[in-house]
Amino acid sequence: MFLFRYCSERNLAVNPQGGNTGLVGGSVPVFDEIILSMALMNQIISFNSVSGILICQAGCILENLSQYLESMDFTMPLDLGAKGSCHIGGNVATNAGGLRVLRYGSLRGTVLGLEVVLADGSILNCLASLQKDNTGYDLKQLFIGSEGTLGVITTVSILCPQKPKAVNLAFLGCPGFSQVLETFTTCRGMLGEILSAYEFMDDKSMKLVESHLKLSNPVTGSPFYVLIETSGSNSAHDEEKLNHFLEQAMTSGLVMDGTVVTEDKRIKALWALRERITEALTHDGYVYKYDISLPVKRLYDLVTDTRERLGRSAKNVVGYGHLGDGNLHLNITAESYSHSLLEAIEPFVYEWTAQYQVSISAEHGLGFKKKHYIHYSKPREAVHLMQKFKAMLDPKGILNPYKTLPASSL
Ligand SMILES: O=C(O)CC[C@@H](O)C(=O)O
Ligand SMILES: [Zn+2]
């Protein structure tokens, strides 16, 4: 690509930018980087309705891709709150997780191929449309989740599932976190192959959505809420299974109250209660954000311990997330940024998590904000090898500098 040859020759740094919806500062320049907007690379190149393989440019907006596929009875294997503005290229560059990982797995499995522009301007064509390919190293994996630090993704080939014919969404209130966990094991057992999402929210996060966004919670009065989605091919069969599960969950006291919806419009409205928590938080003040992978049994302990530690110095300490994937979103709000509050939170949160073998960035990446904490999740040798890859692929350090990795001591 001409631009990269030009920048490489002149030592100009480049900050690739998709929808700019990231939460760790990976898509924003730090000093004097040139912003490379991918927005005009927004063409769908092909879709094969037999294989379900979509090939498109990096700047396609996720929601546009979903709508395009839905008109052909297919769907994207990923969905997230920022779908209206995030780009597929950014999703792949950050290995974005979202709401469908439980059903379709991560992008590391569904992305079949990539075209990438390297720092010297050469084009690496790994744009396979094959589900099986064991010829040599799987180079595309290096770029998935590398946050634009090793190359710029320009085209994506992705395996898309058929659109489920029957979707149900249950919004339930649980009396405690242990019931949230037991409800999860029960529904995994009873719903089996039709379970497609299991999300949890605490009461405080729901209160923020109600007060700041004026959305109404149909099931008030519980300390925890769960969203359970089923996606299958036979509505009568799926409803029967869901009803059996709900009966069991209610009679055994796992669930206090709940509602089930099947119409598209009502499903979207219920999902909004979960998807728009991030937006509600931004209306609550300055937000300290943490995105942790933890053993599910300990998931909420981090929220309780942080709340107790911070006491009245924080405005709200809330926990919610992709429980089905063991992923907690811990968010702390304050009226405004306070350095002493930050010092009370960090490294406490990272040290707390280091007791378990966890990830300090489950799905948001490290970007600019979290790069110095990589050592809490990766051994020194691994970080060192990452720095070597970076030096090899981007010897001048012009690709999204100051992101993802701490400066190399090589
Ligand atoms: O704002 C957050 O902490 C989480 C954002 C996103 O990953 C979500 O699951 O809603
Ligand atoms: Zn998330």
Side-chain angles (χ1 to χ4, degrees), residues 18-27 62-63 76-87 90-107 145 147 169 171 180 196-202 204-209 212-213 215 225-229 268 270-294 296 299-300 302-303 306-307 314-334 345-346 349-350 353 358-367 369-370 373:
N20 202 10
T21 58
L23 297 168
V24 288
S27 57
L62 179 60
E63 194 165 44
M76 286 298 278
L78 81 157
D79 184 26
L80 46 142
K83 58 183 147 247
S85 41
C86 65
H87 292 182
N91 296 147
V92 176
T94 54
N95 189 26
L99 308 162
R100 291 186 182 159
V101 173
L102 186 69
R103 163 61 64 94
Y104 300 118
S106 87
L107 287 168
E147 303 181 271
L169 190 62
F171 186 93
V180 169
S196 56
Y198 191 96
E199 298 284 318
F200 94 99
M201 297 79 82
D202 65 7
K204 281 192 185 292
S205 45
M206 283 298 90
K207 288 256 157 58
L208 293 182
V209 169
H212 294 303
L213 306 179
L215 299 185
Y225 299 94
V226 297
L227 262 179
I228 300 174
E229 187 192 69
K268 283 202 170 83
L270 265 194
W271 264 121
L273 289 166
R274 162 64 187 87
E275 290 182 10
R276 294 183 66 189
I277 300 174
T278 304
E279 182 188 341
L281 282 159
T282 61
H283 292 281
D284 203 48
Y286 184 84
V287 194
Y288 301 84
K289 304 185 82 67
Y290 300 90
D291 167 37
I292 314 280
S293 265
L294 271 170
V296 275
L299 204 86
Y300 204 71
L302 177 60
V303 183
T306 307
R307 196 175 281 145
K315 187 172 173 193
N316 279 298
V317 177
V318 310
Y320 61 99
H322 317 286
L323 189 123
D325 313 325
N327 180 187
L328 167 74
H329 293 313
L330 165 69
N331 281 260
I332 299 150
T333 63
I345 303 170
E346 295 179 19
V349 166
Y350 298 125
T353 60
V358 304
S359 170
I360 59 121
S361 178
E363 59 167 7
H364 295 165
L366 294 167
K369 291 190 177 169
K370 310 274 175 187
Y373 307 108

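In this chain, numbering begins with 1 at the start of the sequence shown. Both ligands and their constituent atoms are indexed starting at 1 by order of listing. Values in this document were obtained by computation on a predicted structure and should not be read as measured data. Heavy-atom basis, side chains included; hydrogens, waters and symmetry copies ignored.
- Here the side chain of E363 pairs a donor or acceptor atom with the backbone of G98 at under 3.5 angstrom.
- Under the 30°/60° scheme for interplanar angles, the aromatic rings of Y225 and F171 are found to lie parallel.
- Take S293 and apply the side chain to side chain donor-acceptor pair (under 3.5 Å) test, not counting sequence neighbours, and it matches no residue.
- Ring geometry for Y350 against Y290 counts as perpendicular: the plane angle is over 60°, on a 0 to 90° scale with 30° as the lower cut.
- Note on residues 283-293: pairs passing salt bridge (Lys or Arg N to Asp or Glu O under 4.0 Å), not counting sequence neighbours, are D284-K315.
- With respect to D202 and R307, a salt bridge is recorded, a charged nitrogen being found less than 4.0 Å from a carboxylate O.
- Here the OG1-CG distance, from T333 to L208, works out to 6.5 Å after rounding to the nearest 0.5 Å.
- Around the Zn ion (ligand 2), protein N, O or S atoms at less than 2.8 Å number 3.
- Near ligand 1, residues L23, R274, T278, K289, Y320, H322, H329, N331, E363, H364 come within 4.0 angstrom through at least one heavy atom.
- Taking CZ of R276 as the reference point, atom OG1 of T282 lies at 10.0 Å (rounded to 0.5 Å).
- With respect to E229 and R103, no salt bridge is recorded, no charged nitrogen being found less than 4.0 Å from a carboxylate O.
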